[in-house]
Amino acid sequence: MANPKPRVKVPKKASKGEVITIKTLISHPMESGQRKDKEGNLVPRQIINTFKCEFDGQLVFECDMDPAVSANPYMEFNAKVENSGTFKFTWVDDDGSIYESENKITVE
Amino acid sequence: FVAVAPRISFAATDDTEAAIKAFTGGAEPATGTVTLDTPEIAENGNTVPVGVSVESPMTADNYVESVLILAEGNPSPAVATFHFTAMSGAAEAKTRIRLAKTQNVIAVAKMNDGSTFIDRKEVKVTIGGCGG
């Protein structure tokens, strides 16, 4: 499978204590395990089952996903920032693959 | 136009009820506090935008722990579970989901003190999203 490409939108700057909005998208078919191929065989399930956002090692937001999440899973959520630091985003695939992305933010 | 109560198969309802019970620890969730934001009509069931927001100060001792999203009429009702922390700042999340047919989407929120809240909205689906 093509290597899933994460796309993340985090503001570059924020003021102390501000609640920012983070948007993430990752290219992935999210094969539900319900679909049949041309020969009528069930296509085995392969989805991203977990998404996690951490800020300097502390958990901010996590999502457990089931096959009912659309292909190219989109996630929008919030984070409260008190100081400059790095957001780390992690996606975990059913096959054990881990996809990661990092974004720095400056808090003034 | 006459409103007709949606007819739901017993199996789907049972699965959904069981999932809610497992999430709340058997408690009956109250209404209010949690708001589910879904379109009234989804033309394409493959990607239906769903948002959820919960009223909460989101402080270290008073926050929303998690929100369970269920789709009653899908082959399996589980959709996603959001987990929040005090660092989330606001208990809000948006994603896109698959809906096989017209059905109720359900959000159940669990607070850190164990109390639970529920909201449900019907989404009319023009083209189902579980492609066979």
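In what follows, chains carry the letters A, B, and so on, assigned in the order in which the sequence lines appear, proteins first and then strands, with residues in each chain numbered from 1. It should be emphasised that the depicted structure is a prediction, and the values quoted were computed from it without experimental measurement.
If you chain together hydrophobic residues whose side chains sit under 4.5 Å apart, I97(B) and I118(B) never meet in one group. Both F23(B) and I106(B) sit in one connected hydrophobic cluster of ILVMFWY residues. Membership requires side-chain heavy atoms under 4.5 Å apart, directly or through other members. When hydrophobic clusters are built by joining Ile, Leu, Val, Met, Phe, Trp and Tyr residues whose side-chain heavy atoms come closer than 4.5 Å, directly or via intermediates, M75(A) is grouped together with V8(A). Following chains of ILVMFWY side-chain contacts shorter than 4.5 Å, one cannot reach I20(B) starting from V105(B), and the two form parts of different hydrophobic clusters. M111(B) and F84(B) fall within the same hydrophobic cluster, where Ile, Leu, Val, Met, Phe, Trp and Tyr residues are linked whenever their side-chain heavy atoms come under 4.5 Å apart, directly or through other members.
Around atom NZ of K94(B), no more than 12 heavy atoms belonging to other residues, nucleotides or ligands sit under 6.0 Å away. Around CD of E82(A), the count of heavy atoms belonging to other residues, nucleotides or ligands within 6.0 Å exceeds 12.
T85(B) contributes a side-chain N or O that, together with a main-chain N or O of L59(A), makes up a donor-acceptor pair within less than 3.5 Å. Here the side chain of S70(A) pairs a donor or acceptor atom with the backbone of R96(B) at under 3.5 angstrom. In this structure a side-chain-to-backbone donor-acceptor pair under 3.5 Å is present from T95(B) to Y74(A).
Of all the heavy atoms in S88(B) and V60(A), the pair that sits closest is OG-O, 2.6 Å. R98(B) and A71(A) get closest at one heavy-atom pair: NH2-N, 3.5 Å.
M87(B) has its side chain within reach of Q58(A): a pair of non-hydrogen atoms, C-beta onward, lies under 4.5 Å apart. Residues V19(A) and M58(B) fail the side-chain proximity criterion, which asks for heavy atoms closer than 4.5 Å.
Interface remark: A71(B) contributes no atoms to any contact with chain A (heavy atom separation under 4.5 Å). If you measure heavy-atom distances from V48(B) to chain A, the contacts under 4.5 Å come from the backbone alone.
Between F77(A) and F82(B), the gap from one ring centroid to the other reaches at least 6.0 Å.
Contact count against chain B (heavy-atom pairs under 4.5 Å) is highest for V69(A) among L25(A), N49(A), V69(A). Contact tally against chain A (heavy-atom pairs below 4.5 Å) for I69(B), V79(B), V67(B), V50(B): the top residue is V79(B). Of the residues considered (P67(A), P73(A), C63(A)), C63(A) shows the highest number of contacts with chain B, using heavy-atom pairs under 4.5 Å.
Taken to the nearest 0.5 Å, the CD atom of E62(A) stands 10.5 Å off from the OG atom of S66(B). In this structure, NZ on K80(A) lies 8.5 Å from OG1 on T59(B), to the nearest 0.5 angstrom. Between E92(B) atom CD and E76(A) atom CD the span is 8.5 Å, to the nearest 0.5 Å.
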